[in-house]
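Worksheet for the structure shown next.
Just so it is clear, the structure is predicted and the values come from calculations on it, not from any experiment.
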4 protein chains.
Amino acid sequence: MIVVMKIGSPEVEIARVSQDLTTWGLTPEKIVGKHKVVIGLVGDTADLDPLQIQEISPWIEQVLRVEQPFKRASLEFRHGEPSEVVVPTPNGPVAFGQHHPLVVTAGPCSVENEQMIVETARRVKAAGAQFLRGGAYKPRTSPYAFQGHGESALQLLAAARQATGLGIITELMDAADLDVLGEYADVIQIGARNMQNFSLLKKVGAQPKPVLLKRGMAATIEDWLMAAEYILAAGNPNVILCERGIRTFDRQYARNTLDLAVVPVLRTLTHLPIMIDPSHGTGRAEYVPSMAMAAIAAGADSLMIEVHPNPAKALSDGPQSLTPERFDRLMQEMAVIGKAVGRWPQPVAALAS
Amino acid sequence: MIVVMKIGSPEVEIARVSQDLTTWGLTPEKIVGKHKVVIGLVGDTADLDPLQIQEISPWIEQVLRVEQPFKRASLEFRHGEPSEVVVPTPNGPVAFGQHHPLVVTAGPCSVENEQMIVETARRVKAAGAQFLRGGAYKPRTSPYAFQGHGESALQLLAAARQATGLGIITELMDAADLDVLGEYADVIQIGARNMQNFSLLKKVGAQPKPVLLKRGMAATIEDWLMAAEYILAAGNPNVILCERGIRTFDRQYARNTLDLAVVPVLRTLTHLPIMIDPSHGTGRAEYVPSMAMAAIAAGADSLMIEVHPNPAKALSDGPQSLTPERFDRLMQEMAVIGKAVGRWPQPVAALAS
Amino acid sequence: MIVVMKIGSPEVEIARVSQDLTTWGLTPEKIVGKHKVVIGLVGDTADLDPLQIQEISPWIEQVLRVEQPFKRASLEFRHGEPSEVVVPTPNGPVAFGQHHPLVVTAGPCSVENEQMIVETARRVKAAGAQFLRGGAYKPRTSPYAFQGHGESALQLLAAARQATGLGIITELMDAADLDVLGEYADVIQIGARNMQNFSLLKKVGAQPKPVLLKRGMAATIEDWLMAAEYILAAGNPNVILCERGIRTFDRQYARNTLDLAVVPVLRTLTHLPIMIDPSHGTGRAEYVPSMAMAAIAAGADSLMIEVHPNPAKALSDGPQSLTPERFDRLMQEMAVIGKAVGRWPQPVAALAS
Amino acid sequence: MIVVMKIGSPEVEIARVSQDLTTWGLTPEKIVGKHKVVIGLVGDTADLDPLQIQEISPWIEQVLRVEQPFKRASLEFRHGEPSEVVVPTPNGPVAFGQHHPLVVTAGPCSVENEQMIVETARRVKAAGAQFLRGGAYKPRTSPYAFQGHGESALQLLAAARQATGLGIITELMDAADLDVLGEYADVIQIGARNMQNFSLLKKVGAQPKPVLLKRGMAATIEDWLMAAEYILAAGNPNVILCERGIRTFDRQYARNTLDLAVVPVLRTLTHLPIMIDPSHGTGRAEYVPSMAMAAIAAGADSLMIEVHPNPAKALSDGPQSLTPERFDRLMQEMAVIGKAVGRWPQPVAALAS
């Protein structure tokens with residue numbers, strides 16, 4: 001943090017400000033020029049509010065933040081090296097990260113019954129997905145909407161896991177469900193609406209399963225990394241960031257605005273792996289393939305795509321779900337881009353496993 | 001919901017669509033014109049997604065929602081009558097609502113120690129506030145920032161309540177704290193970041209204390225009323241809506257954009273009482289008085305204003321806190337507007353208590 | 001501007017950066033501390049891009065802007081004194097500014113015919129307005145929508161001016177119309193969509209009539225003041241700023257989000273008078289009165305309100321227009337607030353004139 | 001447009017509403033069901049405001065728009081066939097459109113001097129670009145910033161055109177410059193800030209050169225297509241749409257949010273060709289390559305990329321400009337994606353021409 005004093009600030013006032021700043025646990029360094037004096041603050045300034053420091057003296061011209069407020073999530077924390085999140089699944093460990101092939105997660109918005117979830121799992125596995133997504137607990141805008149089948153849906157996910165060997169990603173909404181959900185999930189998802197549910201973040205940070213952290217609808221990139229920081233600071237290093245569209249002024253055609261530029265932006269800020277969810281990111285099945293392809297070309301590490309055997313009859317998010325047939329085709333289209341950028345999984349590896 | 005069929009739709013297809021819609025639990029009514037056929041849907045359509053219905057047939061031109069998705073929160077639910085939320089406090093019951101005088105809530109962002117909270121309570125009571133606000137559990141962007149003193153802060157709020165007779169409004173972040181917080185709070189606050197924490201909404205809906213529901217940073221008015229609907233549907237009719245600024249493209253001077261037009265908009269949609277928080281709504285103490293005055297003129301039922309004995313040393317949100325002296329003066333300024341619009345409490349009542 | 005060098009920057013590199021900066025026409029001042037070196041830039045930095053300076057050397061940690069980019073629009077430019085814009089009208093000069101009573105502008109969105117504009121002018125004058133608004137050239141989203149009657153509408157405004165003595169405010173869309181419009185208008189309006197039409201700004205800055213500058217839908221406060229700066233820099237000191245709602249994620253009920261906090265924010269930044277337009281700001285007649293009252297309480301210097309003798313038949317913006325009867329009533333309601341804050345015109349003055 | 005009457009509406013009121021609607025030049029069709037009556041409106045409803053129709057009678061429940069407000073820009077206007085914009089250049093005609101290879105436009109933000117513009121043109125041509133971009137008239141936020149060299153810059157663009165055979169794309173800000181700019185430009189650019197400068201749109205619509213229409217910072221997709229409609233309706237069928245980032249709440253790292261989903265969205269709405277500008281879309285050179293690749297994978301027809309021989313010394317937009325070396329490399333990276341999706345120009349064709 002840099003405190004810029006006004007031209008002509010009295011020496012005694014500069015001394016008083018410096019003195020005051022030491023009571024905040026900081027080490028002020030006076031930097032003196034011919035016309036201007038600037039005070040540099042050494043110490044932990046991540047939590048200081050520049051506006052509050054400005055109130056110390058009317059002779060302060062401006063207080064400027066130089067440092068990033070996140071630490072463990074920062075690229076510097078790993079000396080510029082990307083991290084990898086390796087998830088054990090029945091089919092073997094799957095690694096998310098910049099030095100690994102693209103990981104595809106697919107499945108329905110919510111788990112409806114055993115037949116549909118197992119069938120969907122088989123289909124998406126056959127097409128090349130490594131994880132099955134599916135909601136047991138559903139955050140719905142309306143209290144009258146289907147809220148998910150809860151624990152019984154977790155058991156159906158387990159059946160699909162057993163039938164296919166796919167890893168399971170499913171959303172946690174309530175800390176009270178953490179234990180049971182943790183038994184079934186390979187990756188625990190924190191949804192956009194809970195991105196700043198700090199109590200929940202602390203709790204998933206204190207357990208061992210990897211966490212998929214979706215970006216909040218109005219979360220800045222800094223807010224998002226600070227939410228990741230909550231999980232990392234609580235002891236869990238396995239965090240995957242998932243962009244799923246932000247809320248902007250234009251919601252007529254696409255429900256959200258998929259902010260694909262997070263890929264290059266995050267690469268300069270953090271070591272964490274990046275997933276893109278074009279299904280929530282656009283809200284309509286017909287826009288998904290184009291955005292899935294773009295995400296791969298942009299350099300994403302992973303994709304999450306909604307697939308439902310009968311979107312017209314889905315209990316939630318039908319309009320943004322692909323049919324298994326369309327998903328098959330999309331995987332072939334994606335493979336072309338994935339190979340072009342050198343991020344497509346080798347078929348050889350699949351044979352070997 | 002209205003299903004508009006394309007001109008020239010075959011009779012058999014219209015019949016098929018109608019048949020299909022009955023399987024969704026709806027009663028389709030065919031409305032026939034010379035060129036167009038429209039299908040009106042009678043039944044509970046609050047949870048239907050127009051896009052999903054559109055997928056039933058390529059002959060469907062458009063599906064249009066006519067009804068509001070909220071029920072208990074709607075003005076119609078009370079036949080156009082505003083509701084009142086009456087909160088018992090040591091100083092007597094205080095009523096929030098359109099037919100009652102303005103209710104002022106004031107206090108610090110977070111409870112720091114006994115002396116500061118009791119002193120602040122005395123000062124804001126003397127100035128005319130009826131509720132003390134103060135955080136025991138604080139949602140902070142950074143995990144390294146002060147997170148609130150927790151249960152011990154609740155005890156300090158109880159001391160301030162006893163010393164002044166003011167009602168207590170304090171935020172619940174974690175359902176695990178509901179029981180203990182419910183013992184101390186007269187009104188339970190759900191913060192902006194938890195507005196769509198549906199698990200938490202259900203839980204405060206299932207207990208008896210009134211709930212102050214802050215609007216989420218990116219919540220539409222409809223989202224907000226649906227969040228209220230969660231609480232109402234769970235059985236708690238005492239909900240107060242609090243606007244605290246939304247997130248927009250301009251965050252350079254004011255941190256949030258205070259959306260004061262929610263006052264006239266909500267009056268046409270809901271019976272629930274409306275509170276305005278100009279402190280979070282602008283993020284800077286110097287903008288608060290002007291917006292507090294505007295809120296009263298706009299017709300708000302209640303105001304929440306941050307007051308701290310020493311804003312420069314506040315552990316959180318100092319820059320947006322007024323000093324007790326400035327708050328005294330603001331209450332006098334507010335009284336002028338409040339009396340002009342006939343919403344200022346009668347001094348007689350104060351003498352009588 | 002402040003250039004913060006990284007800890008350990010070689011002396012020779014600091015010298016090179018300083019040298020380089022002089023080639024930008026700046027006078028760099030080296031500010032030396034024990035650990036850190038900061039370079040302060042004296043000179044005209046309003047146009048420099050911090051990111052571009054950062055590219056001078058990898059040893060630059062950050063470049064921070066300290067100064068505001070606007071000058072003539074700044075409060076400092078007038079040493080903290082608000083400016084006033086005095087407009088001659090047939091009824092005498094009318095002053096817009098912080099030390100003057102509230103000025104009310106009213107009238108239809110567009111001038112439709114002589115009878116309607118003269119009748120509306122008489123009605124709004126009787127109710128207490130000092131200016132008539134009315135569009136001759138209309139910016140419409142659709143090329144197929146009514147585009148205004150052009151010059152003939154200007155003549156009708158002149159007739160209404162003659163009949164009532166009201167000043168005329170009307171919008172300029174095309175520099176080619178400036179001469180003719182300047183003959184009829186007492187105040188020239190630049191609409192939201194042209195706020196960054198810099199060619200047009202330069203031209204209205206180079207002519208003598210006062211300019212009403214509406215805020216663009218996505219303009220930050222800084223963008224807006226820079227647009228005013230274009231007019232001021234071209235030589236016209238008479239600029240009034242008009243807030244008319246910004247575009248945000250929630251457009252379901254109110255068309256725009258009226259950002260009333262611009263009143264206290266602008267007071268700390270600029271000397272220019274402030275007008276609020278609650279008609280465009282909300283887009284619906286039923287929300288206008290509440291926001292008009294709020295604007296006065298917030299401290300606005302002027303209001304612009306759409307009034308149409310028959311809103312249901314208006315050629316543009318009918319839904320946000322008040323009837324003359326509703327406007328009469330609103331003026332009485334506004335007078336209550338206006339008097340309470342000491343900004344309502346004295347009736348005595350009206351008699352005297 | 002569909003007018004839904006309330007249940008129980010009196011026959012006489014329904015007749016009155018129908019009668020009233022005919023005075024708007026519409027043909028109302030009564031659609032009668034057992035409980036509900038709906039009135040379908042045949043005729044030109046593009047300019048009607050649903051809210052205004054609603055005011056005709058309190059028995060109207062809701063008025064719903066069914067039709068899109070744009071016509072010539074709509075996909076239906078060309079029966080689902082994409083249009084192509086063919087631009088003659090010294091190197092031969094270049095076609096923009098869905099059935100043509102990707103067209104790359106590159107060059108500096110503004111034309112600074114002959115040597116830099118000719119050198120840049122040579123470099124981008126060698127790398128594979130077909131058009132040179134460069135501003136002669138620059139829209140700058142600050143009146144004190146470099147405003148472009150004007151007509152003399154147009155002459156330098158002509159020199160670069162002659163030296164390389166590249167087509168020229170340059171921005172028109174003022175209708176007064178249209179004639180001279182039209183002499184030099186192969187494609188006339190309308191910038192984001194002038195997207196709703198309807199006077200300017202009409203004028204470029206009435207001249208023969210193709211128009212590149214950038215999306216406004218707060219323009220919805222519908223606003224944007226309506227702006228294109230102004231040009232098309234004025235008689236010019238050659239319009240290219242260019243996405244350059246929209247303004248959202250997060251502007252800390254990327255200056256704008258590049259809305260790449262416009263590609264699949266526009267494909268369902270319009271026949272017009274689509275260009276993506278990742279330079280303005282992100283505002284930083286280091287984010288450009290990733291977004292350029294994504295744009296191709298998403299299916300864009302064209303790209304506009306800022307290239308400057310010395311970004312650190314650019315008179316405008318340096319931070320978002322690539323060096324010629326980085327652009328060379330990017331073109332090779334882009335070719336990999338472009339070939340993968342079958343949109344990369346054949347080198348053979350280049351030899352043949």
Side-chain angles (χ1 to χ4, degrees), chain A residues 68 215-225 245-269 276 278 281-300 333-342 344, chain D residues 68 215-225 245-269 276 278 281-300 333-342 344:
Chain A
Q68 289 169 336
R215 182 182 182 184
M217 276 188 296
T220 62
I221 286 179
E222 194 171 293
D223 290 340
W224 190 16
L225 289 174
I246 55 173
R247 188 162 265 191
T248 68
F249 59 84
D250 198 1
R251 300 164 56 206
Q252 186 176 7
Y253 299 105
R255 284 200 184 172
N256 296 298
T257 298
L258 186 67
D259 184 8
L260 271 185
V262 298
V263 178
V265 173
L266 287 172
R267 290 297 188 223
T268 67
L269 298 173
I276 302 290
T282 62
R284 296 199 64 161
E286 63 200 300
Y287 307 148
V288 168
S290 167
M291 289 299 98
M293 312 268 277
I296 301 172
E333 294 161 355
M334 282 163 52
V336 175
I337 305 284
K339 285 170 190 164
V341 296
W344 202 250
Chain D
Q68 289 169 336
R215 181 182 185 185
M217 277 188 295
T220 62
I221 286 179
E222 194 171 294
D223 290 341
W224 191 15
L225 289 174
I246 55 172
R247 188 160 266 191
T248 67
F249 59 83
D250 197 0
R251 301 164 56 206
Q252 186 176 8
Y253 298 105
R255 284 198 184 174
N256 295 298
T257 298
L258 186 67
D259 184 8
L260 271 185
V262 299
V263 178
V265 173
L266 287 172
R267 290 298 188 222
T268 68
L269 298 172
I276 301 290
T282 63
R284 295 200 65 160
E286 62 201 301
Y287 308 148
V288 169
S290 167
M291 288 300 97
M293 312 269 275
I296 301 172
E333 294 161 354
M334 282 163 53
V336 175
I337 305 285
K339 285 170 189 163
V341 297
W344 201 250

A:I221 versus A:L266: any side-chain heavy-atom pair under 4.5 Å? yes

Scored by heavy-atom pairs under 4.5 Å with chain D, the best of A:D223, A:T248, A:T257, A:V265 is A:V265

Closest-packed option against chain A by number of heavy-atom pairs under 4.5 Å, given D:V263, D:L269, D:I337: D:L269

Determine whether D:V336 and A:V341 make a side-chain contact, defined as any pair of heavy atoms from C-beta on separated by less than 4.5 Å. no

For the student: nearest non-hydrogen atoms of A:S290 and D:A298, plus distance: OG-O, 2.8 Å

Portion of D:I296 that has a non-hydrogen atom of chain A nearer than 4.5 angstrom: neither

Flag the one option from A:A261, A:A292, A:P264 with the top tally of heavy-atom pairs under 4.5 Å to chain D. A:P264

Result block: side-chain N/O donor-acceptor pairs under 3.5 angstrom for residues 281-289 of chain A, not counting sequence neighbours:
| unit_1 | atom_1 | unit_2 | atom_2 | d |
| --- | --- | --- | --- | --- |
| A:T282 | OG1 | A:P278 | O | 2.9 |
| A:R284 | NE | A:E286 | OE2 | 3.4 |
| A:R284 | NH2 | A:E286 | OE2 | 3.2 |

Under 4.5 Å from a heavy atom of chain A, the part of D:L260 involved: both

Between OG1 of D:T220 and CD1 of D:I246, what distance do you get to the nearest 0.5 Å? 10.0 Å

Taking side chain as C-beta onward, heavy atoms only, is D:Y253 less than 4.5 Å from A:T268? no

Part of D:R247 lying under 4.5 Å from any heavy atom of chain A: backbone

One option among A:R251, A:Q252, A:M291, A:M293 has the most heavy-atom pairs under 4.5 Å with chain D, and it is A:M291

Honestly, the part of A:A219 sitting under 4.5 Å from a heavy atom of chain D is backbone

Under 4.5 Å, counting heavy-atom pairs only, tell me which of D:G245, D:A218, D:A254, D:A295 racks up the most with chain A. D:A218

Does any pair with a residue in residues 257-268 of chain D pass salt bridge (Lys or Arg N to Asp or Glu O under 4.0 Å), and if so which ones, sequence neighbours excluded? D:R215-D:D259, D:R267-D:D301

